[in-house]
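A quick write-up on the structure given underneath.
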Amino acid sequence: MNSINIKDHLLAKGIRPSVHRLVILEYLMSRRNHPTADMIYKDISKDIPTLSKTTIYNTLRTFHEKGVVQSLTIDENEVRFDATLSPHAHFKCISCGMVTDVSAEIPVIQNNIIDGNRIVETQVYYRGLCCNCLKSD
Ligand SMILES: [Zn+2]
Ligand SMILES: [Zn+2]
């Protein structure tokens, strides 16, 4: 997605596309590294020192509420953000902490109804040692 499309994407979700919001969404879409708010702050504040941690937290909360990003709580003490909305499985390395997409099949639920309950969010994740950590063992 280029920056014009990112702008339209935000407008379509009812979010005013401020410069900071565009930068944060662009970051999430280009890295796909499932960062925490702190990781985003560390990276972006180098280039844009006016961007405060509070703005990043508020922006991510808005994005999540409006369905622009999904939040991953694989560990209860850490929230990760992902701009890829289609259901996909994640893998978190217990050694280096990396979170990545993995090619596991997610079951397709008809009409998002399961045993009479309506699904609004699907989270599938695995934990273990990533391929890089396995190599350096
Ligand atoms: Zn690892
Ligand atoms: Zn993901």
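From a predicted model like this one, the values you see are computed outputs, not experimental measurements. As the structure lists them, so they are numbered: ligands from 1, and atoms in each ligand from 1.
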In H90, the N, O or S atom nearest to the Zn ion (ligand 2) is which?
NE2
Any chance you could measure L51, atom CG, to I40, atom CD1, to the nearest 0.5 Å?
9.5 Å
Heteroatom test (N, O or S) for C131 near the Zn ion (ligand 1), limit 2.8 Å
no
How about E105: does its CD atom have over 12 heavy atoms from other parts shown lying under 6.0 Å from it?
no
Taking the N/O/S atoms of D82 one by one, which is nearest to the Zn ion (ligand 2)?
OD2
Tell me which N, O or S atom of H88 sits nearest to the Zn ion (ligand 2).
NE2
Pair T59-T62, side-chain hydrogen bond (donor to acceptor under 3.5 Å, both in side chains): steps then yes or no:
CA-CA 5 Å; T59 302; T62 304; over 6 Å; no
Euclidean distance, I15 CD1 relative to H9 NE2, rounded to 0.5 Å:
8.0 Å
Atom name of the N, O or S atom in H34 that lies nearest to the Zn ion (ligand 2)
NE2
Of all heavy-atom pairs linking R16 and R21, the shortest is O-NH1, 2.9 Å
N, O or S atom within D101 nearest to the Zn ion (ligand 2), by name
OD1
Just to the nearest 10 degrees, tell me the angle at the Zn ion (ligand 1) spanned by C93 SG and C130 SG.
110°
I'd like to know if K92 and E78 make a salt bridge, using a cut-off of under 4.0 Å between side-chain N and carboxylate O.
yes
